[in-house]
Novice: 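The structure follows.
Remember, predicted model here, so these are calculated numbers, not experimental data. Just the heavy atoms: all of them, side chains too, but no hydrogens, waters or symmetry mates, feed the values below.
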Amino acid sequence: MTNVPPYPTAPTAFPTAPPPDPAGHPYHRLDRATGRHSWWRPVVGTVLLSLAYVVLLLLLLAITWGLGTALGAPELPDGGVDLGPLGNTAMDLVSIAIALPLVLLATLWPARRPVGTVTSVTGRLRIGWLGRCLLAGLLPILLLTVTSFLLPDDSGDTGAWVGWGSFLTALAVLAVLVPLQAAAEEYVFRGWLLQAAGAFVRSPWFAVIPQAVLFAAAHGWGTQWGFVGLLVNGLVAGLLTIRTGGLEAAIALHVLNNLLAFGASAAVVDGLSSDETAADAPWSLALTAIVTDLLYAAIVLWFARRHRPQRLSVPSTPPTPPAPYAHPARTA
């Protein structure tokens, strides 16, 4: 009887990429949670994001100038067109809001990861958690509002009431544009830049500090206290983003702060014409804003302990190995 060679075994699987990390990732490390991560992607993405923003901003300014010229709007000292206090404010808000779609596009490429990963660890905007964060900000913002009215005004100009018609019109425009502008800033600083830094460092602090400094610097140099107030705001928003797993807490704080600031300006004649920002705040107002941010953070963290928003991304599941090759039974 001749020896019959045994049936060949199943072929060895081709080499594959390393298995996915079975552990979940905090928000600032989500850029590394994708298998397409490379060291150059956040760097190139930041450069392209900056260049695209400049190009889009110049295009917006050109459209605004053409529209204003066609309407016969007067010219500003810097060469732009004067669309009035509300019109100029609206264009300023739009000029910041255009950064939001650019961040989403940069997340798709060159970051090559799902666009929702820049929003939260769940890959989406958590509407319920955003609502709770807005609720958490009501008491701190009320405190800031009352304190701001009680603080002495060095200029001595209390401003004249603009009238209900103009105020409600401005409030309607601000209610639409301010959330977009505030969200855009959060997606740039607490979203893209925070995750870009987190692609290289594990420590939340080393990921939070660079974006907070850039956030304060982006508002210009006014007073030392104004810069410190913005720096603390950037640190608080960044740490809340990591602690709660998404941008919702930072967006809620930013929206409420800006609605208060722009709403107060819209209530007085020529209030929206002022070019002052939070960077120009005196020590008393900056200190009040810092206390407000810290109180907001305490309330959000208390809510987080009760409602437990998802803090880490869902762990990746390694691929299921193929079933072993079944040999047909041999017969005599």
Side-chain angles (χ1 to χ4, degrees), residues 57 60-100 137 141-142 144-186 188 215-216 218-223 226-227 229-230 233 251-282 284-286 288-289 292:
L57 181 61
L60 177 64
L61 293 177
I63 294 174
T64 304
W65 183 86
L67 179 62
T69 302
L71 295 176
E75 186 175 335
L76 293 171
D78 60 1
V81 291
D82 188 359
L83 301 177
L86 181 57
N88 293 335
T89 300
M91 292 311 302
D92 289 340
L93 295 174
V94 171
S95 68
I96 298 175
I98 58 177
L100 178 55
I141 292 301
L142 177 62
L144 179 60
T145 303
V146 173
T147 306
S148 300
F149 278 109
L150 295 178
L151 291 175
D153 187 1
D154 295 336
S155 65
D157 183 14
T158 57
W161 167 244
V162 72
W164 281 108
S166 298
F167 177 67
L168 292 178
T169 300
L171 208 60
V173 174
L174 295 174
V176 173
L177 296 181
V178 166
L180 295 176
Q181 169 263 331
E185 290 192 33
E186 293 307 319
V188 170
F215 174 72
H219 287 76
W221 182 260
T223 65
F227 184 86
L230 287 167
N233 180 266
I251 291 175
L253 176 61
H254 205 149
V255 168
L256 291 173
N257 270 332
N258 284 14
L259 282 177
L260 170 63
F262 282 106
S265 298
V268 299
V269 176
D270 291 333
L272 292 176
S273 299
S274 175
D275 57 357
E276 291 187 353
T277 69
D280 303 302
S284 54
L285 185 57
T288 303
T292 300

Novice: Can you confirm whether N258 sits close enough to L93 that some side-chain heavy atom of one is under 4.5 Å from a side-chain heavy atom of the other?
Specialist: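 Sidechains of L93 and N258: no contact.
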Novice: Just how far is it from atom CG of L256 to atom CD1 of I141, taken to the nearest 0.5 Å?
Specialist: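 Between atom CG of L256 and atom CD1 of I141 there are 5.0 Å.
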Novice: With a 4.5 Å limit on heavy-atom distance, are the side chains of Q181 and E186 in contact?
Specialist: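 Not touching, per the 4.5 Å side-chain cut-off.
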Novice: State, to 0.1 Å, how close P85 and S273 come at their nearest heavy-atom pair, and which atoms those are.
Specialist: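 P85 and S273 have their closest heavy atoms at CG-OG, 3.4 Å.
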Novice: With distance as the sole test, does N88 use its side chain to make a donor-acceptor pair with the main-chain N or O of L83 at under 3.5 Å?
Specialist: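 Yes; judged by distance alone, with no hydrogens or angles, the pair exists.
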Novice: Shortest non-hydrogen contact from W161 to A267?
Specialist: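 Answer, listing the atom of W161 first, then A267: CE3-O, 3.2 Å.
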Novice: Compare every heavy atom of V162 with every heavy atom of A266, then report the nearest pair and how far apart it is.
Specialist: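 Smallest heavy-atom distance, with atoms named: O-CG1, 3.2 Å.
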Novice: Distance check, rounded to the nearest 0.5 Å: E276 atom CD versus T223 atom OG1?
Specialist: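 Answer for the CD-OG1 pair, E276 versus T223, is 9.5 Å.
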Novice: For A278 and L230, work out which heavy atoms get closest and say how close.
Specialist: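 Nearest heavy atoms, A278 then L230: CB-CD2, 3.8 Å.
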Novice: Does S166 reach the side chain of T169, with side-chain heavy atoms less than 4.5 Å apart?
Specialist: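 Not in contact.
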Novice: Work out which heavy atom in A170 is nearest to a heavy atom in L272; give both atom names and the distance.
Specialist: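 Shortest heavy-atom contact: CB-CD1, 4.5 Å.
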Novice: In terms of the angle between their ring planes, are F215 and H254 parallel, tilted or perpendicular, with boundaries placed at 30° and 60°?
Specialist: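 Perpendicular.
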Novice: Assess whether side-chain contact (heavy atoms from CB on, under 4.5 Å) is satisfied between V188 and I96, documenting all intermediate values.
Specialist: CA-CA 10 Å; V188 170; I96 298 175; over 6 Å; no
Novice: Measure the spacing between CH2 of W65 and CG of L60 and express it to the nearest 0.5 Å.
Specialist: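 Going from the CH2 atom of W65 to the CG atom of L60 covers 15.0 Å.
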Novice: Is there a side-chain contact between L259 and V178, using heavy atoms and a 4.5 Å cut-off?
Specialist: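 The answer is yes; the side chains approach within 4.5 Å.
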Novice: Under 3.5 Å, is there a donor-acceptor pair between the side chain of S265 and the main chain of A261?
Specialist: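 Present.
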Novice: When you measure from the side chain of D280 to the backbone N and O of T277, does any donor-acceptor pair fall under 3.5 Å?
Specialist: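 Yes, the answer is positive, given that a donor and an acceptor are paired below the 3.5 Å cut-off.
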Novice: How long is the span from the OG atom in S284 to the CG atom in L150, to the nearest 0.5 Å?
Specialist: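 Going from OG on S284 over to CG on L150, the span is 11.5 Å.
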Novice: How many angstroms lie between OG1 in T292 and CG in N233, if you round to the nearest 0.5 Å?
Specialist: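 That separation rounds to 10.0 Å.
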Novice: On a heavy-atom basis, which atom in V176 and which in P179 lie closest, and how many Å separate them?
Specialist: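 Shortest heavy-atom separation between V176 and P179 comes out as O-CD, 3.7 Å.
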Novice: So, do T89 and V173 sit near enough that their side-chain heavy atoms are less than 4.5 Å apart?
Specialist: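 With C-beta onward as the side chain, the pair stays apart.
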Novice: Working to the nearest 0.5 Å, report the span between CG of L67 and CE of M91.
Specialist: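 Between atom CG of L67 and atom CE of M91 there are 8.0 Å.
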Novice: Just so I know, are the side chains of E75 and V81 near enough to count as touching, which here means a heavy-atom distance under 4.5 Å?
Specialist: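 Side chain of E75 against side chain of V81, heavy atoms only: no contact under 4.5 Å found.
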